[in-house]
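Shown next, in structure tokens, is the structure this report addresses.
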2 protein chains.
Amino acid sequence: MTVTEVVATAVRIADTEGMTAMSIRRIASELGLPTMAVYRFVPSKDRLVTLMTDRVFGETTLPRRPPAGWRAALEHAARLQWGLHRRHPWLAGTMSFTRPVLAPEGMRWTEWLMAVLDDEGVGPTEQLQLAMTVAGFVHGMGAKLETELEDEQHTGMSAAEWMAQREAAFAAAAGRAGERFPRLTRAADVTDDSEFDLDALFEIGLGIVLDGIAVRLGRGAGG
Amino acid sequence: MTVTEVVATAVRIADTEGMTAMSIRRIASELGLPTMAVYRFVPSKDRLVTLMTDRVFGETTLPRRPPAGWRAALEHAARLQWGLHRRHPWLAGTMSFTRPVLAPEGMRWTEWLMAVLDDEGVGPTEQLQLAMTVAGFVHGMGAKLETELEDEQHTGMSAAEWMAQREAAFAAAAGRAGERFPRLTRAADVTDDSEFDLDALFEIGLGIVLDGIAVRLGRGAGG
DNA sequence: TCACCGTCCGTACACCGTACAGAAACGGCC
DNA sequence: GGCCGTTTCTGTACGGTGTACGGACGGTGA
């Protein structure tokens, strides 16, 4: 029995059942240990959470040589990190944006993004601004994944199923809804639900952010 | 004693001490009530949280006539909502992006954004995509405010103070830090800390998102 | 063999949301 | 007024959380 096993167990529980299900007692019972025995390997729950964050960041390694072109490079990094959040929906909740030293692995990421922009001749301050905007976007969307996971636990329904069920109630009040939210109602009618899951919103948002950065770099949206 | 007073008390506690401090027992003691008496006014904590969300959304009203120009209009709406999150850092955590019916007030907001884009001749699906991108950005940044508030409670330091203190430890390990994160270190040197608080990051990100939308609308970044 | 010391973990405390049952207050009827 | 049924209120208790603490146990040196 090692720290690694304790952290791995914690990660597995948090991945599948959400962070609220991840408790010291639960880990202990999962490992067939007395509750307090967990503290042989980990000094506190806070520290355990930090170890979890470190561990999952180690999963994905950024390519040493970024793909050619700043846009492809930023896109690649953003998608890699999004994959991390998909696999570990609790991740965003454990990282502080304003206190980055607690997340050295996150800094490595930011440095990588800045290097890409450095090669494009962007100045130091703007490097950091743009890198944090991209990272902040991914982080912000990642936070929504945790909410969604816990909603699924809570209601026993996926977002799509839930929306479908709500559609009935929505249609019942359609008169009012159609009046109050005509454009929203219309867009919901002509659009497939799956076009608005978090993956789709991530892709749309990422495209817009990169277009915005292109403007800042004084280039066209093409990259 | 009314529901309103209970909700107001809950909001006040959550605003100043974070959502973790907001408990039924705490509200009761604040109002000089027996613990279980709170349930005379509110059926459950979940429902109370919904009422809190509704209440703070009612604080800010969107202008009936948006400012002239899509960019000014979206910017205005985004800043209004950011102000809401600033005053109530817990707000983002109570709203689900994927299950919007729980947040009718959020839908009103989205409808308003879509109306602005409608006037620009944007199609229904893209209206929703762009509106959700803006709303998602504000929401995502808003979520970081809660983390920051609870970190302040936890450490007794603001982010700036904390960074300053860390700078010492950072400088001690500067050799390694400078090697591992040369660009990050450099940018931290030449930039004032206050340029990277959440307000500043919000402004930078908003500008980039709006630039990106301008590209999508086939207009220049000017709006 | 015995004493000492370090490791391990059961118990306990202060919190949480809230189910439940008993007490108290109120209303209607004789 | 006296009595009973009903509703309203709330104290207690349950199962959950993180973890401080002290007692029990095992190993090691004298």
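Remember, it's a predicted structure, so these values are computed and weren't measured experimentally.
Rounded to an integer number of Å, the gap from Asp46(B) CG to dT18(C) P is 7 Å. The interatomic distance linking Ile24(B) (CD1) with dA19(C) (P) rounds to 11 Å, in whole Å. Whole-Å rounding puts the Arg47(B) CZ to dT18(C) C1' distance at 17 Å. One atom, CD1 of Ile13(A), and another, P of dT17(D), lie 11 Å apart when rounded to the nearest Å. Rounded to whole Å, the distance from CZ on Arg26(A) to P on dG15(D) is 18 Å. The distance from atom NZ of Lys45(B) to atom C1' of dC15(C) is 11 Å, rounded to the nearest whole Å. Atom P of nucleotide dG17(C) and atom NE2 of His154(A) are separated by 14 Å, given to the nearest angstrom. The interatomic distance linking Phe41(A) (CZ) with dC8(C) (P) rounds to 8 Å, in whole Å.
The aromatic rings of Phe202(A) and Trp82(A) sit parallel, their planes meeting at an angle under 30°, below the 60° perpendicular limit.
Counting only distance, with no hydrogens or angles, the side chain of Thr94(A) and the backbone of Leu91(A) share a donor-acceptor pair below 3.5 Å.
Between Arg40(A) and dT7(C), a side-chain N or O to OP1/OP2 separation shorter than 4.0 Å is absent. Between Arg25(A) and the phosphate of dG16(D), there is no side-chain N or O to OP1/OP2 separation shorter than 4.0 Å. Considering only side-chain N and O atoms, Tyr39(A) lies nowhere under 4.0 angstrom from the phosphate OP1 or OP2 of dC9(C).
In this structure, Ser23(A) and Met36(A) both approach DNA chain D, and ranking their closest nucleotides by distance from the 5' end singles out Ser23(A).
Using a 4.0 Å cut-off between charged nitrogen and carboxylate oxygen, Glu148(A) and Lys144(A) do not count as a salt-bridge pair.
Of the N and O atoms on the side chains of Arg87(A) and Thr60(A), at least one donor lies less than 3.5 Å from an acceptor on the other residue.
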